[in-house]
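Each chain gets a letter, A, B and so on, in the order the sequences are listed, and its residues count up from 1. Everything numeric here is computed off the predicted structure, so don't read it as measured data.
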2 protein chains.
Amino acid sequence: MRDDLLDIGEVATLTGLAPSALRYYEEQGLVASEARHGLRRRFSREMVDRLRLIACARRAGFAVKEIARSLDMGLDSAGLRDRLAAKADRLDADIADMMRVRDGLRHAVKCEHEPFTSCPEFKAILNG
Amino acid sequence: MRDDLLDIGEVATLTGLAPSALRYYEEQGLVASEARHGLRRRFSREMVDRLRLIACARRAGFAVKEIARSLDMGLDSAGLRDRLAAKADRLDADIADMMRVRDGLRHAVKCEHEPFTSCPEFKAILNG
DNA sequence: CTGTCACTTCAAGTGCACTTGAGGTCAAGT
DNA sequence: ACTTGACCTCAAGTGCACTTGAAGTGACAG
């Protein structure tokens, strides 16, 4: 088996992130790629996992710094669990919002009202 | 009953949006406040509803221009329903993502692993 | 008459998350 | 030996969504 270290291009395709984004994340302290082969960054499989997590959190609306904070303080510093719980709650609220919008949209698709924004049912869904 | 037109400050408190954001939305064509009392914008109740919808869509991750497009083409132009359906699908994907992150976080809160990011269960939830 | 207050315009500034471009390095293939 | 390709750094640029600041307006209270 080879040395199990990937270069940035491979990591990019595995994670769906652009190489420039990976460098940016490194600069922001989200990932460490200490290992280098000459100039080239080498990423471990663990880093790929970490990056997938980061990508997921980004899609979920977390800011880069926010993710950095939660990933850094590895120790169970008093606040960490609280902050994670708070983030989960925030997500619940966001999810609820999105589900309402989604249901509103699905209604709009088959709604007769013109424009759909004035449909009472549509409004009711949004203010759910 | 008074003339039922609200000024920007009232609309701001009703919608939770900053006055500057309301002016920005107007500039972007999301809302019309044609009516003016002197210099001052007067918003109708309908506009307040529309703004609430916009705020909701923004929280759901839609771009301002995207919202403008969906709200503008009031006519059932061939594409509208399709685009709304596509947006709903996109939301479903985003929601799924967020639910995974949320569940991961909730697990992390009561997880023994240090750091939680290396917990297999945590990983399983995220890739679930 | 004079504040004060909530609004107005317009241009410029902010913060985030990257992206792009110029110029350079390095290993491998022809 | 030379080119190609994938990488590198660093500074500057981009796009979005607002926010801020300066200078002004108009109505109303004291």
Categorize B/Gly38 for me: base, sugar-phosphate, or nothing, with a 4.0 angstrom heavy-atom threshold over every strand shown.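 Nothing, no heavy atom under 4.0 Å.
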
If I take atom [atom1] in residue [X] and atom [atom2] in nucleotide [N], what distance separates them, rounded to the nearest angstrom?
| X | N | atom1 | atom2 | result |
| --- | --- | --- | --- | --- |
| B/His37 | C/dC5 | NE2 | P | 20 Å |
| A/Arg42 | C/dC26 | CZ | P | 15 Å |
| B/Gln28 | D/dA17 | CD | P | 8 Å |
| A/Leu5 | D/dA6 | CG | P | 20 Å |
| A/Leu51 | C/dC18 | CG | P | 12 Å |
| B/Asp7 | C/dA6 | CG | P | 10 Å |

What pairs meet the salt bridge (charged side-chain N to carboxylate O under 4.0 Å, His left out) rule with one or both residues in residues 51-65 of chain B, with sequence neighbours excluded?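 Output for this query lists A/Asp97-B/Arg59.
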
Listed pairs, N/O of protein and of nucleotides 13-15 of chain D, under 3.5 Å:
none

Using the ring pair (Phe, Tyr, Trp, His ring centres under 6.0 Å) criterion, which residues pair with B/Phe122? Sequence neighbours excluded.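 Per chain and number, B/Phe122 pairs via ring pair (Phe, Tyr, Trp, His ring centres under 6.0 Å) with B/Phe116.
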
Pairing residues for A/Phe62 by the ring pair (Phe, Tyr, Trp, His ring centres under 6.0 Å) criterion, not counting sequence neighbours: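 With neighbours one apart ignored, the set is empty.
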
Along DNA chain D (nearest heavy atom to each residue), the more 5'-positioned of A/Phe43 and B/Ala63: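 Closer to the 5' end of DNA chain D: A/Phe43.
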
Considering only heavy atoms and no angle criterion, is a donor-acceptor pair shorter than 3.5 Å present between the side chain of B/Arg40 and the base of C/dA6?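 Per atom types, the contact qualifies.
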
Can you list, in residue-number order, the parts of residues 13-26 of chain A that come under 4.0 Å of DNA chain C, counting heavy atoms only?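 Output list: A/Ala18, A/Ser20, A/Ala21, A/Tyr24, A/Tyr25.
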
Given D/dC16, is OP1 or OP2 found less than 4.0 Å from the side-chain N or O atoms of B/Arg58?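 Answer no for this pair, as no side-chain N or O of B/Arg58 is under 4.0 Å from OP1 or OP2.
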
Could you tell me whether a side-chain N or O of A/Arg81 sits under 3.5 Å from a main-chain N or O of B/Val109, the two making a donor and an acceptor?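 Looks like yes, one N/O pair under 3.5 Å.
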
Between A/Asn127 and A/Arg100, is there a side-chain heavy-atom distance shorter than 4.5 Å?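 They are not in contact (no side-chain heavy atoms under 4.5 Å apart), so the answer is no.
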
Residue whose closest nucleotide on DNA chain C lies nearer the 5' end, B/Arg36 versus A/Leu39: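 Going by which nucleotide is closer to the 5' end, it is B/Arg36.
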
Out of the candidates A/Leu5, A/Val31, A/Val11, only one should pair with A/Ser44 under the side-chain contact (heavy atoms from CB on, under 4.5 Å) rule; please name it.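 Only one of A/Leu5, A/Val31, A/Val11 forms a side-chain contact (heavy atoms from CB on, under 4.5 Å) with A/Ser44, namely A/Leu5.
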
Quick one: which of C/dC18, D/dC7, C/dC16 gets closest to the side chain of A/Lys65?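 So the side chain of A/Lys65 is nearest to C/dC16.
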
Return the set of residues passing side chain to side chain contact (heavy atoms under 4.5 Å, CB included) with A/Asp89 (not counting sequence neighbours), or none when no residue passes.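 So A/Asp89 forms a side chain to side chain contact (heavy atoms under 4.5 Å, CB included) with B/Arg106.
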
Drop me the distance from B/Leu30's CG to B/Met47's CE, to the nearest 0.5 angstrom.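 With rounding to 0.5 Å, CG (B/Leu30) is 10.0 Å from CE (B/Met47).
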
Interatomic spacing from CZ in B/Arg42 to CZ in B/Arg36 - rounded to 0.5 Å: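 Rounded to the nearest 0.5 Å, the CZ-CZ separation comes out at 11.0 Å.
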
